[in-house]
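Everything below concerns the one structure shown next.
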Amino acid sequence: SYSSTPSQGERYLLVGDAYAFIDPVFSSGVFFSMHSGKQAALALDRIFKQPRKTKQVLADYQQIMRQGPADFSWFIYRMTNPNMRDLFMAPRAFLGAKKAVISVLAGDIFRNVAMRPALSVFKSVYYLASAINWKRTRAAMKQRAINISDTPLRKSPHV
C-alpha cells in the first residue's frame, strides 16, 4: 500500500494508482480509479470555468483524495483483529453503520461525507469492543507486529 503526499503538481492531477494503492483485499482498485478520475475531471472543469478559484479547487481535490483512502485503509489495517472479525460475523444495521461499512469496503470512498457519522458509529463500537476485550486486542496487536517483522522481502527467481 502507498499514497502520494501531493495529489497534484504543476499542470497535473494524480488519479487512481498514480495517487494511492490500497491492499486489494476487497478489489476496490477499479472503483477507486474511476471515482478519482471523476473527481479530477470535476476539479478541472471548475478550474477552467473559474480560474481565479484554482488554489481552492486544488485544495478541495487534495482533501477528497486524502480522505477516501484513509477511510478504506482504516479497515485494511484492522482486518485481522479479532474484534473486527466479530463485528463482521454478527452484523447489525445500527444507525446506518452496516450500509456505510459495505459502501466503503466496496470501494465507494468518495461519497462518504453523508456516511461519515455512520462510519464514526462503527469505529466507536470497534474501539469499545477493543477496550472491553483489551487482552485479546493486545495479543492481536503483538501478533500483527510479529507477522509484519517476520515477512522478509524475497526476490523471485523468475525476476
Side-chain angles (χ1 to χ4, degrees), residues 1-130 137 140-141 144-145 147-148 151 153 159:
S1 297
Y2 65 84
S3 66
S4 177
T5 302
S7 62
Q8 76 272 340
E10 185 66 31
R11 302 173 58 104
Y12 71 88
L13 297 175
L14 296 176
V15 299
D17 286 354
Y19 176 71
F21 174 78
I22 302 168
D23 187 82
V25 172
F26 297 102
S27 302
S28 59
V30 172
F31 198 92
F32 173 65
S33 294
M34 297 291 288
H35 277 278
S36 63
K38 179 182 175 183
Q39 294 300 318
L42 292 171
L44 290 173
D45 183 56
R46 286 179 59 200
I47 289 169
F48 291 142
K49 288 179 178 174
Q50 300 173 330
R52 291 182 185 177
K53 294 187 177 184
T54 297
K55 190 173 182 176
Q56 181 60 48
V57 170
L58 292 177
D60 292 347
Y61 182 74
Q62 177 72 28
Q63 178 62 29
I64 289 168
M65 292 299 288
R66 274 193 192 144
Q67 190 60 53
D71 286 339
F72 190 78
S73 62
W74 186 90
F75 286 94
I76 297 300
Y77 292 123
R78 289 160 181 81
M79 192 51 55
T80 59
N81 186 295
N83 297 308
M84 183 66 77
R85 187 174 49 243
D86 290 349
L87 288 172
F88 282 147
M89 296 304 287
R92 292 186 177 77
F94 55 94
L95 301 174
K98 182 178 179 181
K99 182 179 177 183
V101 169
I102 289 170
S103 182
V104 168
L105 296 181
D108 188 4
I109 56 178
F110 291 110
R111 286 189 323 167
N112 288 343
V113 175
M115 292 185 211
R116 196 144 321 283
L119 287 174
S120 294
V121 167
F122 182 86
K123 289 177 181 182
S124 296
V125 170
Y126 168 82
Y127 289 127
L128 180 63
S130 295
T137 299
M141 289 171 61
R144 185 174 195 282
N147 291 345
I148 291 171
T151 309
L153 295 175
V159 176

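Count residues from 1 along the sequence. Excluded from the calculations below are hydrogen atoms, water molecules and symmetry mates; all remaining heavy atoms, backbone and side chain alike, are included.
- Nearest heavy-atom pair, L13 versus A43, reported as atom, atom and distance to 0.1 Å: CD1-CB, 4.4 Å.
- Taking each heavy atom of A18 and S4 in turn, the nearest pair found is O-CB, 4.4 Å.
- One distance of note links CD of Q8 with OG1 of T54; it measures 11.0 Å at 0.5 Å rounding.
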From CA spacing to verdict: side chain to side chain contact (heavy atoms under 4.5 Å, CB included), Y19, R66: CA-CA 9 Å; Y19 176 71; R66 274 193 192 144; 3.5 Å; yes
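- One finds the CG atom of L42 at 11.0 Å from the CD1 atom of I47 (value rounded to the nearest 0.5 Å).
- Counting all heavy atoms, side chain and backbone alike, Q39 lies closest to Y61 at C-CE1, 3.8 Å.
- I64 CD1 to H35 NE2: the interatomic distance, rounded to the nearest 0.5 Å, is 12.5 Å.
- When all heavy atoms of P6 and Q62 are compared, the pair lying nearest together is C-OE1, 3.7 Å.
- Using a distance-only test at 3.5 Å, with no hydrogens or angles considered, a donor-acceptor pair links the side chain of S36 to the main chain of G16.
- Residues N81 and Y126 form a side-chain contact, since some pair of their non-hydrogen atoms from C-beta on lies under 4.5 Å apart.
- Of all non-hydrogen atoms in V15 and A40, the two that sit nearest each other are CG1-CB, 3.4 Å.
- Note that CZ of R46 and CG of L58 are 9.5 Å apart. Values are rounded to the nearest 0.5 Å.
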